[in-house]
Amino acid sequence: MTNADPQELAKFGELAHRWWDPESEFKPLHQINPLRLAWIDGLCPLKGKTVLDVGCGGGILTDSMARKGANALGIDLSTKPLKVAQLHAMEAGTENVEYREIAVEALAAERPASFDVVTCMEMLEHVPDPSSVVRALGTLVKPGGWVFLSTLNRNFKSFMLAIVGAEYVLKMLPAGTHEYARFLKPSELAQFCRDAGLELHSSKGLTYNPLTQRYSLGSDTDVNYLLACRRPL
Ligand code: SAH
């Protein structure tokens, strides 16, 4: 049995053709990408690194890491976004990037301890068993390597901002994009990481200012947050 929700995969499949349109439903991913890319590259310079991007979708982060000089592999379980990602790489002439439809748990069995860097962004909140994904990330990364995660916190503020605000008031995302019950508190995600043999390095919060319509990285982890972890040598 695959650790995936077919409805979630279908949802991303239906929107896939608009993935690289910076004014589409994927606008927030386009807007946050330079911030998360700079954060990752600042902690672990990507040039020459072997990188895995889990739940890569249309490849916004994967492609940008390859453009920083990494050898990047993006995996997902939704077919159409992967095709869009491949097509984009061809059109944009991105080198050193590959995409594959495979479950992260299956890749962990196939290629343990193979990647200098593993990223898994905005994906855990769409998966039935996020702890199983994090375990697989811990297996895939090399000893001494980095794992970067991001997801949505679970509290009243994140419900009001990430669901009511983003989906119903500002309509930045289609209604039904996120399910509150699948949000993860940083303490819960940190526990999954420790259980996967990963050491927590640092965290960042991602905030959105509806007036300036800009995102920024800071210390407020109440809604959207990122964790950096390392696998001990
Ligand atoms: N990580 C990308 C895309 C986020 S959208 C970025 O941040 O730019 C969420 C992605 O997770 C979608 O592409 C969806 O197909 C994928 N996804 C959802 N469940 C998944 C699963 N069980 N395994 C792999 N990918 C999954």
Side-chain angles (χ1 to χ4, degrees), residues 1-22 24-40 51-68 72-89 94 97 99-110 117-137 140 147-152 162 166-167 172-174 176-179 182-184 192 204 206 208 215 217 224-227:
M1 241 181 41
T2 317
N3 176 22
D5 181 337
Q7 276 184 335
E8 291 281 354
L9 301 177
K11 220 159 56 184
F12 289 103
E14 276 158 28
L15 304 173
H17 58 289
R18 289 201 288 276
W19 211 289
W20 282 90
D21 174 353
S24 69
E25 293 85 348
F26 299 101
K27 183 174 182 176
L29 295 181
H30 286 281
Q31 287 182 302
I32 67 176
N33 200 57
L35 299 173
R36 60 190 186 181
L37 179 67
W39 176 67
I40 294 169
V51 174
L52 173 69
D53 186 23
V54 176
C56 63
I60 295 173
L61 178 64
T62 331
D63 193 270
S64 67
M65 294 194 291
R67 286 180 170 268
K68 283 270 180 200
L73 171 65
I75 64 168
D76 204 287
L77 285 175
S78 191
T79 310
K80 279 191 187 155
L82 284 170
K83 290 205 170 127
V84 168
Q86 260 151 2
L87 203 62
H88 179 85
T94 312
V97 70
Y99 294 97
R100 221 179 128 185
E101 187 172 329
I102 185 172
V104 65
E105 290 92 347
L107 191 68
E110 191 185 300
V117 175
V118 179
T119 57
C120 181
M121 305 245 155
E122 315 302 322
M123 180 265 203
L124 292 172
E125 67 272 22
H126 300 286
V127 171
D129 181 1
S131 69
S132 158
V133 172
V134 177
R135 228 172 9 251
L137 305 178
L140 284 155
V147 175
F148 298 99
L149 299 152
S150 77
T151 193
L152 286 158
E167 295 183 16
M172 294 161 67
L173 295 172
T177 297
H178 287 120
E179 195 182 321
R182 284 198 169 147
F183 292 4
L184 291 168
F192 293 163
K204 282 278 178 200
L206 191 64
Y208 179 70
Y215 288 88
L217 271 191
N224 213 314
Y225 64 95
L226 305 98
L227 286 188

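As the structure is a prediction and not an experimental result, all values here were calculated from the model. Whatever order the structure lists ligands and atoms in, that order sets their numbers, starting from 1. Side chains are part of it too, since the values below use all heavy atoms of this structure and drop only hydrogens, waters and symmetry mates. Residues take their numbers from the sequence shown, with the count starting at 1.
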Find all atoms of ligand 1 within a distance of less than 4.0 Å from any non-hydrogen atom belonging to [X], and give their numbers and elements.
X   : value
C56 : 2 (C), 3 (C)
A4  : 22 (N)
S78 : 15 (O)
G57 : 13 (O)

Record the part of [X] in heavy-atom contact with ligand 1 below 4.0 Å; permitted values are side chain, backbone, both and neither.
X    : value
L29  : side chain
S150 : neither
W19  : side chain

| message | I'd like to know if K11 and E25 make a salt bridge, using a cut-off of under 4.0 Å between side-chain N and carboxylate O. | response |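 Looking at E25 together with K11, the answer is no, because their closest N to O distance does not fall below 4.0 Å.
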Would one find an N or O of [X], backbone or side chain, under 3.5 Å from an N or O of ligand 1?
X    : value
E8   : no
N3   : yes
V127 : no
G55  : yes

Looking only at protein heavy atoms, identify the closest one to [atom] and say how far it is in Å.
atom                    : value
atom 9 (C) of ligand 1  : E122 O, 3.4 Å
atom 16 (C) of ligand 1 : D76 OD2, 3.3 Å
atom 5 (S) of ligand 1  : F12 CE2, 3.5 Å
atom 19 (N) of ligand 1 : L9 CD2, 3.6 Å

Residue of the set R182, E125, H126 for which side-chain hydrogen bond (donor to acceptor under 3.5 Å, both in side chains) holds with T151:
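Only one of R182, E125, H126 forms a side-chain hydrogen bond (donor to acceptor under 3.5 Å, both in side chains) with T151, namely E125.
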**Request:** Would you indicate whether Q7, at its atom CD, is surrounded by more than 12 heavy atoms from other residues, nucleotides or ligands within a distance under 6.0 Å?
**Result:**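 Not buried by this count: 12 neighbours or fewer within 6.0 Å.
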Looking at side-chain heavy atoms only, is the closest gap between [X] and [Y] below 4.5 Å?
X    : Y    : result
L15  : P174 : yes
L107 : L73  : yes
K68  : I40  : no
L184 : F192 : yes

Can you figure out which of M123, R36, K11, Q7 has its heavy atom closest to atom 7 (O) of ligand 1?
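Nearest heavy atom to atom 7 (O) of ligand 1 lies in R36.
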Report task. Report the relative orientation of the aromatic rings in Y215 and Y208; use parallel for angles under 30°, tilted for 30 to 60°, perpendicular for over 60°. Result ->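 Answer is tilted, since the angle falls between 30° and 60°.
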Does ligand 1 have any atom sitting under 4.0 Å from a heavy atom of P81?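 Distance cut 4.0 Å: P81 fails for ligand 1.
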If you take all heavy atoms of R36 and L226, which pair is closest and at what distance?
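Shortest heavy-atom contact: CB-CD2, 4.0 Å.
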#### Entry: G55 versus D76, closest heavy-atom pair with distance
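Result for this residue pair: C-OD2, 3.2 Å.
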If you measure from CG on L52 to OG1 on T62, what distance do you get to the nearest 0.5 Å?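 Taking CG in L52 and OG1 in T62, the distance rounds to 9.0 Å.
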